[in-house]
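Below is one structure, written out as structure tokens; the observations come after it.
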Amino acid sequence: MRAGTERTKDIAGHSVAGAAALVGVLALFNGGGRIFWAWVSGFTGRMWAFALMLGLQGICLLLVPHASNAVLFFILAAVIYLCYGGGFGTMPATSGDFFGVKHAGAIYGLMIIGWSLGGIIGPPIIAALIGDGAVKNYTLGYTVIGIIALVSLILPAITRMPKPETTSAPDVAPGMVGEAD
């Protein structure tokens with residue numbers, strides 16, 4: 001949690017204690033996003049929900065470094081956290097919709113591996129963009145990740161439900177194969 005509080009302090013000017021409290025409150029938005037976006041995806045469809053999450057996150061990420069006061073910073077960060085949590089609320093249902101309940105667990109596991117790889121690869125890349133000197137360039141880091149989120153809007157737009165496999169009807173009723181007449 002220390003890294004999160006240091007970033008919040010650097011960007012929004014909060015004390016370490018204030019930043020820690022802010023990160024704690026934002027965690028509630030992460031958890032709430034799991035419920036909220038799962039509910040939204042039930043009405044809009046999974047891909048529309050993903051598109052809304054990516055679009056909102058992309059816009060908010062572009063705006064965060066330019067937040068002129070603590071309230072605006074908090075609102076933008078809350079929307080980002082709400083959308084981030086939403087991925088965890090919609091991915092299991094999406095895997096079930098696309099591949100059936102029988103395969104949902106394995107597919108969701110692969111989705112989480114991809115998410116985890118992003119969590120390993122992303123921070124060093126963003127850290128390199130921000131820099132480690134006395135003056136950090138958070139604007140560049142947030143701009144790059146915001147643009148990536150907006151470009152990612154193409155993914156829900158091109159994603160299609162897999163076509164069901166066609167199977168021919170058996171000549172004999174199940175359980176009758178190999179039985180004598």
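Any value given below was found using the heavy atoms of this structure, including those in side chains, with hydrogens, waters and symmetry copies removed. This one's a predicted model, so the numbers in the text were calculated from it and none came from an experiment.
Side-chain atoms of T94 and D97, non-hydrogen and from C-beta on, never get closer than 4.5 Å to each other. Side-chain contact between Q57 and I145: absent, with no pair of heavy atoms (C-beta onward) separated by less than 4.5 Å.
Distance check: Y142 OH to I147 CD1 gives 15.0 Å after rounding to the nearest 0.5 Å. L61 CG to L76 CG: the interatomic distance, rounded to the nearest 0.5 Å, is 9.0 Å. For the atom pair C83 SG and F50 CZ, the distance stands at 11.5 Å (nearest 0.5 Å). Here the straight-line distance linking atom CG of L52 with atom CG of L153 works out to 9.0 Å at 0.5 Å rounding. Rounding to the nearest 0.5 Å gives a distance of 8.0 Å between CE of M161 and CE of M47. To the nearest 0.5 Å, atoms CD1 (I130) and CD1 (I125) are separated by 12.0 Å.
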Using a 3.5 Å cut-off and no angle test, enumerate the donor-acceptor pairs between side-chain atoms of residues 101-121 and protein atoms at least two apart in sequence or in another chain.
unit_1, atom_1, unit_2, atom_2, d
W115, NE1, Y84, OH, 2.9
S116, OG, I112, O, 2.8

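A pairwise comparison of heavy atoms in H66 and L62 identifies CD2-O, 3.2 Å as the closest pair. Shortest non-hydrogen contact noted between G55 and L150 is O-CD2, 3.9 Å. Of all heavy-atom pairs between I126 and G141, the closest is CD1-O, 3.8 Å. The minimum heavy-atom distance linking P65 with T139 is given by the pair CB-OG1, 3.5 Å. In plain terms, the two heavy atoms of G89 and A38 that are nearest each other are O-CB, 3.3 Å. Of all heavy-atom pairs between G87 and P92, the closest is O-CD, 4.5 Å.
Atom CG of D132 sits in a sparse spot, with 12 or fewer heavy atoms from other residues, nucleotides or ligands closer than 6.0 Å.
Linking ILVMFWY side-chain heavy atoms closer than 4.5 Å, directly or via other members, places L28 and Y81 in two distinct hydrophobic clusters. Linking Ile, Leu, Val, Met, Phe, Trp and Tyr residues whenever their side-chain heavy atoms come within less than 4.5 Å leaves I59 and I75 in two separate clusters. Residues V25 and I35 do not share a hydrophobic cluster, clusters being chains of Ile/Leu/Val/Met/Phe/Trp/Tyr side chains in contact below 4.5 Å. One hydrophobic cluster holds both L129 and I148 under the rule that ILVMFWY side chains link at heavy-atom gaps under 4.5 Å. Note on L140 and V64: same hydrophobic cluster, where clusters join Ile, Leu, Val, Met, Phe, Trp and Tyr whose side-chain heavy atoms are under 4.5 Å apart, directly or indirectly.
Paired with M53 under the rule side-chain contact (heavy atoms from CB on, under 4.5 Å), one option of I80, V79, T90 passes, and it is T90.
Summarising the hydrophobic clusters (Ile, Leu, Val, Met, Phe, Trp, Tyr; side-chain heavy atoms under 4.5 Å, direct or chained), the residues clustered with W48 are none.
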